[in-house]
**Q** 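Here it is, the structure in full.
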Amino acid sequence: MNSSAVLQFLGRATVADVDEQSAPADSVGGPSGPARDSMTDKAVGVAFADGQEWALEEAYRRWGALIHSVAQRSTGSAHDADDVAQVVFVSAWRGRHRYSPDHAALPAWLLGITKRRIADHWESRSREQRRIDAAGRASKSAPAAEESVEKVADRVLIADELSRLDQPQREIMELAFFDDLTHHQIAERLAIPLGTVKSHIRRSLMRLRSRLEVDGVAV
Amino acid sequence: MSQSEIHAPDDLLALHAMGDSLPEAMGRHVAACRQCQSELDQWSDVIATARSTTPEDAPGSPSAEVWQAITAELGLASMSPEPSASVSAAQVAQVATVVSIDKGRRRWTTSWLVAASVAGIVGGAVLTAGGVALNGSDPAPGPIAAPASPVIASTALAALPKHQGGGEAKIVSTPNGKELVVDVSDLSTGEGFYEVWLIDPETLQMIGLGALSHDAGRFPIPDGLDLARYTIVDVSLEPFDGDPVHSRDSVVRGELST
């Protein structure tokens with residue numbers, strides 16, 4: 001095996017080191033770990049709307065990082081993002097009867113709440129600012145105003161979906177998106193027929209788009 | 001129906017948005033067709049969004065206190081007797097050590113994609129690791145769990161893309177020297193056999209420790225092997241081809257930590 005082959009194969013490593021302490025106790029009932037892992041997002045959404053407590057835990061497990069990332073990218077602060085994530089899950093649970101699994105995917109609904117909570121966050125910041133700002137000058141615009149929560153969420157979702165592409169699809173998309181290679185160049189680089197490269201790109205793009213359409217911010 | 005009324009297929013528009021040219025007649029149609037233009041715009045948006053992703057878009061997971069705060073505020077304290085107990089993915093993400101061993105030119109893209117995956121917006125690796133942790137909570141007596149040898153280092157083993165399964169690996173000290181104890185479950189199946197490796201992420205050198213025939217195995221570690229360097233435990237699927245090198249088809253992997 002030559003060294004570049006080793007590099008290529010090692011480059012895809014995903015190594016997670018799990019704390020020994022983190023053996024979860026299934027304290028809230030519902031499906032057990034492996035069964036829960038294999039449940040569809042929709043099934044989690046249905047159980048969530050139905051008020052089954054394990055579904056809140058599962059929703060947090062699946063989408064806590066998504067909500068947090070979007071909040072962190074929007075507020076610019078990990079601490080504020082923690083606050084937003086907390087408020088989002090608390091208000092989602094309290095308002096679960098308003099969630100309709102047939103209308104939107106649960107992550108999309110959660111992102112909708114996230115969007116409003118981030119707006120609240122900036123409003124309260126700007127109220128504070130106005131109080132502090134005795135001269136009554138216009139307060140500085142919040143970083144969130146520069147970019148909509150939807151856009152941030154789209155980027156985070158796409159980043160996530162890209163990370164889940166199998167090989168060689170992921171490498172092909174990286175070469176196309178980040179290295180700006182043409183489809184011909186990718187085919188040459190990877191010694192894959194051009195038609196195959198195109199069909200991988202086509203399918204990967206469909207996946208990215210459908211992720212945005214399914215999980216993107218619901219209004 | 002004339003040529004100009006046939007809308008361009010969606011997949012051709014997707015590729016067109018990536019820079020491929022359309023057949024001439026179709027190109028003329030698309031240029032003049034509102035519906036096709038709108039479709040094309042949507043593809044262009046997806047592509048522009050993808051191109052604009054940066055390492056910062058990789059998620060940072062919430063702090064462990066967030067889940068506690070949520071359950072406390074909702075009066076669901078009983079859900080989580082221990083803060084770490086319920087939040088497997090977030091918890092795993094929080095303690096995860098992300099290692100990208102890409103020495104190649106696309107280092108940052110790969111490493112942030114790996115980070116995105118590990119930090120776990122339902123990242124496969126994280127969920128797998130979470131699943132492992134769940135399995136790990138089951139008392140699993142067996143030849144592997146039994147010996148009470150001191151554990152020097154350990155890691156969860158998480159599935160690589162395209163693969164499934166998980167497990168645990170640890171280095172134990174025995175009277176006869178150090179051993180790598182591997183315990184796996186639900187590994188992807190395929191033609192061939194599983195082989196256990198230790199890899200040095202810096203030099204990418206690897207040592208094959210032997211075949212893993214069941215869900216568990218113990219492998220003597222050669223005296224003098226520098227465990228500070230060979231920190232990656234890798235289980236690969238090897239074809240019966242008589243070729244002793246790594247097949248490049250890794251199923252699960254983890255990084256040892258003390």
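The basis for the numbers below is simple: all heavy atoms, side chains too, and nothing from hydrogens, waters or symmetry mates. Below, chains carry the letters A, B, ... as their sequence lines are ordered, and counting in each starts from 1.
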**Q** A:Gly64 and B:Pro62: which non-hydrogen atoms are nearest, and at how many Å?
**A** O-CG, 3.7 Å
**Q** Let me confirm one number: the CG-CG distance from B:Asp45 to A:Leu212, rounded to the nearest 0.5 Å.
**A** 9.5 Å
**Q** Is there a side chain to side chain contact (heavy atoms under 4.5 Å, CB included) between A:Glu53 and B:Thr71 once you walk through the steps?
**A** CA-CA 10 Å; A:Glu53 288 179 7; B:Thr71 51; over 6 Å; no
**Q** Which heavy-atom pair separates B:Val66 from A:Ala85 by the least distance, and what is that distance?
**A** CG1-CB, 4.2 Å
**Q** For the residue pair A:Arg73 and B:Thr54, what are the closest heavy atoms and their distance?
**A** NH2-OG1, 3.9 Å
**Q** I need the single residue from A:Val90, A:Val88, A:Val87 that forms a side-chain contact (heavy atoms from CB on, under 4.5 Å) with B:Ile70. Which is it?
**A** A:Val90
**Q** For A:Asp166 and B:Lys162, work out which heavy atoms get closest and say how close.
**A** OD1-N, 3.5 Å
**Q** Which bit of A:Glu213 is near chain B, if near means a heavy-atom gap under 4.5 Å: side chain, backbone, both or neither?
**A** side chain
**Q** Looking only at heavy atoms, which two atoms of B:Gln42 and A:Arg209 are closest? And how far apart?
**A** OE1-NH2, 2.8 Å
**Q** If you round to the nearest 0.5 Å, how far is CG of B:Asp20 from NE2 of A:His183?
**A** 5.0 Å
**Q** Which distance, rounded to the nearest 0.5 Å, do you find between the CG of B:Leu76 and the CG of A:Leu56?
**A** 6.5 Å
**Q** I'd like to know whether NE2 of A:His97 has more than 12 heavy-atom contacts from other residues, nucleotides or ligands below 6.0 angstrom.
**A** yes
**Q** What is the minimum heavy-atom distance between B:Thr53 and A:Arg155, and which atoms define it?
**A** CG2-O, 3.5 Å
**Q** With rounding to the nearest 0.5 Å, note down the distance linking NE2 in A:His68 to OG in B:Ser63.
**A** 5.5 Å
**Q** Test B:Val46 against A:Ile158 for side chain to side chain contact (heavy atoms under 4.5 Å, CB included), laying out the working first.
**A** CA-CA 8 Å; B:Val46 172; A:Ile158 291 231; 4.1 Å; yes
**Q** How long is the straight-line distance from CG of B:Leu13 back to CG of A:Leu205, given to the nearest 0.5 Å?
**A** 11.5 Å
**Q** Atom CG in A:Asp160, atom CG in B:Asp57: separation rounded to 0.5 Å?
**A** 11.0 Å
**Q** Quick one: what part of A:Ala176 sits under 4.5 Å from any heavy atom of chain B, side chain, backbone, both or neither?
**A** both
**Q** Kindly say whether A:Arg202 contributes a backbone atom to a donor-acceptor pair with the side chain of B:Asp11 at under 3.5 angstrom?
**A** no
